[in-house]
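What follows is a single structure, written as C-alpha cells, with notes after it.
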Amino acid sequence: EFVGPKHDEL
Amino acid sequence: MNIFRLLGDLSHLLAIIILLLKIWRTRSCAGVSGKSQILFALVFTTRYLDLFTNFISMYNSAMKLIYLVCSYATVFLMYFKFKATYDSNHDTFRMEFLVVPVGGLAFLVNHDFTPLEILWTFSIYLEAVAILPQLFMISKTGEAETITSHYLFALGSYRALYIVNWVFRFYTEGFFDLIAIVAGCVQTILYCDFFYLYITKVLKGKQLTLPA
C-alpha cells in the first residue's frame, strides 16, 4: 500500500 | 490551503495568462521558447492524470484543467497559428537532454513504484528544469522583451511561494513531500539569476539585457 504524501497540491 | 499556496497558484496562473495574452495580442511568439512550452505541457499532462483517479476539491480540479488547457493552447499558438513568428533558430536547447535523465531519475527516486506515481515524480523533476530552454534562448539572444520577463518573474515566484507554503505546512500539519521540496528548491534556484536582472533592470523601466 502506498503511504507516501497525498498529492493535493497543483 | 494557505495564503502562500493560493498566491503561488495565482502567480502561476498569471504567468500562463500573461504569455497567452502576449502571443495573442501581438500575434507573435518571438522570444518565447517553444521547447519550454512543450515541456510544460508534458509536465501538466503527466502530473494531472490523477484528475481521473483522485478528487481533492473543485478548486483543485478546475485549476488543473485551466493549466492543461492554457498550456496546450500556448503550444498550439506557437507551433500552428503563429508558427511564422516562432524564433526556432534561437530555440536550440535539446529537450531529450532534460527528458531522458529526468525520466531515469523518476524511475529511481520516487515515493512508490507505480505508473501514476512515477509519472507524477517525472512531472515534478521535469518542471524544475523545464524553463532551461527559455533561459538558454535569452542567453543566446542576450535580451528578453519586458512582457516575457514579467512572465518569467510570475512563473519563478510561483515556486518560491510554494517553498514558503511547504515550510508553513510542515509546521502546521507536519506535512512534507521531500521530492516536491527538493525539486521546488532547484527550480527556484534556477530563477535566481533572472530575479536579480529583473529587479535591477526591468523594475527600473529598462529592458532585460544580459551583460556582454
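Letters A, B, ... are given to chains in the order of the sequence lines, protein chains preceding strands, and every chain is numbered from 1.
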Task: Gap separating the OH atom of B:Tyr162 from the CD atom of A:Glu9, nearest 0.5 angstrom - done: 5.0 Å
- [ ] Identify which part of B:Tyr158 has an atom lying under 4.5 Å from any heavy atom of chain A, answering side chain, backbone, both or neither.
- [x] side chain
Open item on the list: Heavy-atom count check: over 12 atoms from other residues, nucleotides or ligands less than 6.0 Å from B:Phe80 CZ?
Closed with: no
Task: CG-NE2 distance between B:Leu116 and A:His7, expressed to the nearest 0.5 angstrom - done: 9.0 Å
Task: Side chain B:Asn60, main chain A:Asp8, donor-acceptor under 3.5 Å - done: yes
Open item on the list: Suppose a student defines contact as a heavy atom less than 4.5 Å from any heavy atom of chain A. Which residues in residues 163-188 of chain B would they list?
Closed with: B:Asn165, B:Trp166, B:Arg169, B:Phe175, B:Phe176, B:Asp177
Task: Contact class of B:Tyr67 relative to chain A, heavy atoms under 4.5 angstrom - done: side chain
Open item on the list: Tell me the closest heavy-atom pair linking B:Lys64 and A:Leu10, and the distance in Å.
Closed with: CG-CD2, 3.6 Å
Open item on the list: Could you check whether atom CZ of B:Phe107 has more than 12 heavy atoms from other residues, nucleotides or ligands sitting under 6.0 Å from it?
Closed with: no
